[in-house]
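Here the structure is laid out as C-alpha cells; the discussion comes afterwards.
Chain A is the first sequence line, chain B the second, and so forth, proteins listed ahead of strands; every chain is numbered from 1.
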Amino acid sequence: MTTTAVAVSADPRPVFEQGRNGPTVVGVRCRGCDHPCAARVPRCPRCGAATEVARFGPEGAVWATTTIYVAAGQRAAPYTVAYVDLDEGPRILADVDDGPELVPRVTERVRLVGRTALGDLRVEVRR
Amino acid sequence: MTAFVWGAGSSDFGRQTDRLAAELAWEAVHEALVDAEVDSVDAAFVGTVFGPFGVAQRSLVGAGLAGVPVVTVENACASGSTALHEAKEAIESRRYERVLVLGVEHLTSRFSGPIASDGTDAEQAAGLLFPGLYAMSASRYLHEHDLEPADLAHVAVKNSAHGALTLVPSAAVP
C-alpha cells in the first residue's frame with residue numbers, strides 16, 4: 001500500500017476571461033486606494049482595505065522581460081516572458097507570444113490575447 | 001545584555017550527493033561547539049527553506065543537542081538571517097543565555113535544474129523559476145538606470161573575488 005497526495009486543481013495564476021470587450025484578467029481593486037491586484041485577495045496588499053472584483057486589460061506595457069533557456073515544467077525552451085502593467089490594472093506575468101526572436105523592450109506596448117496551451121497568460125507585442 | 005558570537009562552524013559547500021542535509025549540519029554544529037568550547041545550548045534557532053521535514057530536529061540530535069527547545073524559521077532567502085535575529089533577541093531579552101543558530105540547505109537533493117518555489121506560487125506556475133525572476137529584476141534595473149548587462153557582470157566579479165577569500169575550500173573556487 002502506498003500513500004499519495006490528493007490531487008488539487010487550484011491554480012495560483014491570474015484568472016483569464018474572454019470578455020465582451022476583449023480578453024481580460026479577473027482580479028480585484030481596492031475600495032480604499034484603488035490599487036489593482038491580479039490575485040483575488042480579500043484585502044489590499046498596499047493599504048489593507050477591502051477589495052472588490054474587477055476586470056483588467058487587454059492593453060498594457062512591458063515592465064520587465066527575459067528569455068528563459070532552462071524550461072519550467074512542460075514548456076519548451078527558449079521562451080520569453082514579461083511582466084506587463086495592464087492599463088489602470090495590475091502587473092501580470094505573461095508569455096510573449098511572438099517567441100524568442102521578438103524580445104519586447106521595457107515600456108513597449110503589448111496586448112493580452114489569451115492563454116497558452118499550458119494556461120499561461122499570453123501577450124502580443126504591438127509594433 | 002548584549003549578544004556575542006562565541007563560536008562558529010561550517011560544513012563544506014558543493015554538490016554532496018552522498019551526504020544528508022542533517023550530516024552537513026552535524027559537521028557545522030560540531031565545529032561551532034568546539035570553537036566555542038561548549039557542549040550544550042539552551043535552545044536552537046534553525047533557518048531552512050528546502051530542508052526536509054524534521055531536518056532541524058535530526059540536525060540537533062546528531063550533534064548531541066537533543067531535548068532543547070527548537071525554533072525553525074522559513075523566511076525565504078532571509079531564513080538564516082531571521083534565525084540569527086531571533087536568537088539575538090532571545091539572548092538580549094534574557095529568555096536564554098546561550099543558543100545555537102543554524103542555517104541548513106541541501107539543494108542537490110531538491111533540484112536538478114533552477115531553484116524554484118513550488119506549484120502553488122503564481123510565478124512558478126507560469127514558467128518563471130528563481131533565475132528568471134531575478135532576470136526580470138535585472139531587466140527592469142538596466143532600464144531604470146540606463147545600464148548594460150556588462151555593468152551587472154562587475155557584481156559577479158566582485159562577489160567571486162570575495163568568495164575566494166573564504167576559508168571554506170569549495171566556496172573559494174572563483
Quick one: which residues of residues 90-121 of chain B reach chain A at under 4.5 angstrom, heavy atoms only?
B:Pro114, B:Gly119, B:Thr120, B:Asp121

Mind checking which of residues 81-90 of chain A sit less than 4.5 Å from chain B, heavy atom to heavy atom?
A:Val81, A:Ala82, A:Tyr83

If hydrophobic clusters are built from ILVMFWY residues whose side chains come within less than 4.5 Å, do B:Val55 and B:Val29 share one?
yes

Residue A:Thr116 versus chain B: region with a heavy atom under 4.5 Å:
neither

Establish whether A:Val28 and A:Leu121 are linked, either directly or via other cluster members, by ILVMFWY side-chain heavy-atom contacts under 4.5 Å.
no

Linking I/L/V/M/F/W/Y whenever their side-chain heavy atoms sit closer than 4.5 Å, directly or via other members, would B:Val41 and B:Val5 fall into one cluster?
no

Here the pair of heavy atoms bringing A:Pro12 nearest to B:Ala125 is CG-CB, 3.6 Å

Expected contact set for residues 38-63 of chain A against chain B at heavy-atom separation under 4.5 Å reads A:Val62, A:Trp63

Heavy-atom contacts under 4.5 Å, residues 136-150 of chain B to chain A
B:Met136, B:Ser139, B:Arg140, B:His143

If I compare all heavy atoms of A:Ile68 with all of B:Gly132, which pair ends up nearest, and what's the gap?
CD1-CA, 3.8 Å

Does one hydrophobic cluster hold both A:Val110 and A:Ile92, with members joined at side-chain heavy-atom distances below 4.5 Å?
yes

How about A:Gln74: does its CD atom have over 12 heavy atoms from other parts shown lying under 6.0 Å from it?
no

Please answer: with hydrophobic residues joined when any side-chain heavy atoms are less than 4.5 Å apart, are B:Leu65 and B:Val38 in the same cluster?
yes

